[in-house]
There are 2 protein chains.
Amino acid sequence: MTDQADGSATGRRPTMIDVARAAGVSLKTVSRVANDVPTVRPALAERVRTAMSDLGFQRNSVAANLRSGRTTGTIGLIILDLANPFYSTIAAAAAEVAERFDTQLITASSGWDTARERELVLDLCERRVDGLIIACTGGDQSYLDEIARGTPVVFIDSPPSGPRSDMVLLDNRTGTRDLFRRLIAEGHREIGTITDTLNDFTMRERLAGAREALREAGLESGRHAARIYSDRPRSAGDAVGAMLDGPHPPTALFCGNNRILLGAVEELVRRRSRLRLAAFDDFEFAPLLPHPVTVVSYDTRALGRLAAEMLFQRIGSPRTDPSTYVIPTYLIDRGTMIADTG
Amino acid sequence: MTDQADGSATGRRPTMIDVARAAGVSLKTVSRVANDVPTVRPALAERVRTAMSDLGFQRNSVAANLRSGRTTGTIGLIILDLANPFYSTIAAAAAEVAERFDTQLITASSGWDTARERELVLDLCERRVDGLIIACTGGDQSYLDEIARGTPVVFIDSPPSGPRSDMVLLDNRTGTRDLFRRLIAEGHREIGTITDTLNDFTMRERLAGAREALREAGLESGRHAARIYSDRPRSAGDAVGAMLDGPHPPTALFCGNNRILLGAVEELVRRRSRLRLAAFDDFEFAPLLPHPVTVVSYDTRALGRLAAEMLFQRIGSPRTDPSTYVIPTYLIDRGTMIADTG
DNA sequence: TTGAAAGCGCTAACAG
DNA sequence: CTGTTAGCGCTTTCAA
């Protein structure tokens with residue numbers, strides 16, 4: 001025995017055909033009701049709606065999109081690591097914009113792996129996402145030309161190597177230059193820098209900004225430079241330790257991103273060092289760090305929001321020239337100077 | 001003039017039919033090659049593959065799933081706020097499991113709004129996600145029975161009100177009880193508690209744990225209790241201020257979650273107060289807070305991982321009884337006692 | 001090993 | 001206003 005009058009199998013989800021049969025109307029009328037087409041006699045519409053709820057009908061939007069050939073109402077976001085607050089903030093902001101366009105966000109992490117990034121792009125294109133936002137790895141993105149054919153892409157945080165595209169970037173260079181100018185104005189001449197190898201572009205830009213400020217002041221750069229090869233804060237802490245224990249310890253320290261800063265602060269706290277500290281990236285907990293720090297800050301949510309808005313704009317008009325939006329950066333003195341809590 | 005030999009319109013994506021025509025084979029053979037069916041003569045397969053790359057063919061996995069009626073290879077994750085590290089960590093862990101099942105994760109934030117949550121569930125079910133992971137709001141989830149018909153659901157963090165389901169919860173009660181036991185053992189008799197109204201279940205459980213410990217010690221509870229109505233840390237800071245300025249300031253403070261803790265620390269630092277501080281939720285920056293704090297910690301990634309594993313298990317065998325997994329919690333003394341950095 | 005036909009659940013185009 | 005027919009791009013019969 002089945003639980004449906006028309007004898008359709010239990011377990012199968014009811015389709016518009018089932019609803020049509022139950023309501024004694026044609027498939028098309030059901031479709032009209034489901035799409036709120038106004039030209040349906042109220043009485044009929046009511047009967048259809050009753051049948052729908054009786055059967056527990058739920059329209060299959062996948063099938064709907066297949067025929068109409070319109071958008072699927074999904075966009076893909078490929079980032080490096082969803083667990084990193086920088087990227088999750090971007091994801092949240094992008095999702096908010098997507099909501100305005102009745103679009104869902106598929107979020108995937110590439111984990112700094114270019115091959116994985118490529119796989120994800122392919123997979124998402126095969127799912128026919130309406131567009132992609134990509135925080136790309138340091139690798140080569142030429143594959144996009146053959147893979148993303150027609151799927152609009154906006155890059156964030158760092159530009160792709162290869163294709164010309166819409167981009168939303170941070171003003172890495174200016175931010176770091178201003179930061180170094182301040183450190184130099186404070187009298188620092190030996191500034192240690194710690195960067196990582198995970199995001200070549202941003203780190204290069206930040207270092208270029210640093211060099212600019214140093215050159216203006218007639219200072220050498222690169223005397224205290226360390227690069228780390230993971231995003232574990234501990235690696236950064238070790239690098240800081242090595243620097244401080246070296247023959248020419250710096251008087252100030254610049255951390256290339258928030259994770260490096262985290263490791264550096266840990267190490268400095270452990271050593272009860274009062275080294276002048278500065279970093280790129282601001283974050284919610286920065287004001288509470290136990291070591292004063294001056295950071296290059298910017299509006300992370302704006303980055304995600306603009307990227308999504310740019311993408312929907314591009315989806316609307318595919319054949320205009322790509323453009324780049326640069327998010328401004330500014331300095332903030334953060335961190336507390338906690339006295340005698342011991 | 002078109003750029004394709006068979007005359008198909010420029011701009012249209014090539015389909016298997018286009019490939020078949022170009023390779024001089026049947027549609028079905030193309031399908032076989034696309035699906036790596038081994039029973040295709042190598043020479044033919046090669047010809048098909050050549051045609052595919054010549055035309056830039058990209059299989060439409062949406063259409064493929066429509067006919068086969070199999071899974072869509074997507075699961076939905078509905079959380080309260082993607083920007084909160086607690087939830088983004090869960091999302092990252094769930095995505096990692098999903099990857100093993102060749103599944104993509106659609107992440108959406110309900111923003112503590114039950115109506116929005118319901119809309120999202122409906123939307124995702126209409127997209128025919130293979131399953132849902134939901135961190136539900138405090139509202140009523142009875143709608144699930146009529147909406148999610150057949151779509152497996154796993155709840156995380158707090159149980160739904162209404163449907164019986166698989167769940168992954170934290171051991172809120174034991175964690176908080178142990179924490180209060182410790183505070184009491186330290187001699188504290190007046191412990192302020194700050195909770196919020198955003199997640200009734202978890203807060204109730206945590207308070208129940210607190211009361212248990214207080215009762216064991218023959219102490220009253222509720223003398224210093226404040227509830228805040230937003231997740232802005234500032235609200236928590238204000239509540240702390242009011243408590244400390246009140247007639248009976250507590251000697252220790254319990255913060256119901258990480259955002260409350262954040263606001264409390266800010267306020268305590270501002271006042272240079274040395275109040276004994278404790279909180280539910282651990283997070284990466286906790287060790288660096290400028291105020292010592294004992295936290296109830298747990299494995300957030302495990303929560304996301306288990307929820308996803310449970311979901312895929314449920315997708316595999318829909319008709320078994322729902323089960324609940326409780327993630328253990330444990331105490332950690334966190335925070336630094338920074339001396340004389342002034 | 002290959003192909004023709006049917007059909008997944010829906011919408012578009014055209015009739016009535 | 002309503003229904004019929006076709007067809008989205010693919011997979012699943014089943015026959016050759």
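Per chain, numbering begins at 1; letters A, B, ... match sequence-line order. Just so we're clear, the structure is a prediction, and the values are computed from it rather than from any experiment.
Remark: A/S26, A/K28, A/T29, A/R32, A/T39, A/V40, A/R41, A/L44 in residues 26-51 of chain A come within less than 4.0 Å of DNA chain D through at least one heavy atom.
To the nearest 0.5 angstrom, B/N84 atom CG is 10.0 Å from A/T89 atom OG1.
As rounded to whole Å, 17 Å separates atom P of D/dG7 from atom CG of B/L66. Distance CE (B/M16) to P (C/dG7): 20 Å, rounded to an integer number of Å. Note: CG (A/N60) to P (C/dG7) measures 18 Å, nearest angstrom. At whole-Å resolution of the value, CE in B/M52 and P in D/dG9 are 15 Å apart. The distance from atom CD1 of B/I17 to atom P of D/dG7 is 10 Å, rounded to the nearest whole Å. If you measure from atom CG of A/N65 to atom C1' of D/dG7, you get 16 Å, rounded to the nearest angstrom.
A donor-acceptor pair shorter than 3.5 Å cannot be found between the side chains of B/S61 and A/R128.
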Practice problem: Would you please test B/Q58 and A/R149 for side-chain contact (heavy atoms from CB on, under 4.5 Å) and show each step? | Solution: CA-CA 9 Å; B/Q58 205 168 63; A/R149 292 211 148 287; 5.9 Å; no
Exercise. Please step through side-chain contact (heavy atoms from CB on, under 4.5 Å) for the pair A/V33 and A/V19, ending with a clear verdict.
Key: CA-CA 11 Å; A/V33 173; A/V19 175; over 6 Å; no
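In B/Y325, the OH atom is not crowded: 12 or fewer heavy atoms of neighbouring residues, nucleotides or ligands sit closer than 6.0 Å.
A sub-4.0 Å separation between OP1 or OP2 of C/dG9 and a side-chain N or O of A/R13 is absent. OP1 or OP2 of C/dA12 has at least one side-chain nitrogen or oxygen of A/R70 nearer than 4.0 Å.
Listed candidates were D/dC10, C/dG3, C/dC10. Nearest to the side chain of A/R67 is C/dC10.
Using a 4.0 Å heavy-atom criterion, one finds that B/R128 contacts no nucleic acid atom at all.
With A/D130 as the partner, the side chain to side chain donor-acceptor pair (under 3.5 Å) test is satisfied by one option alone out of A/T103, A/T151, A/T72: A/T72.
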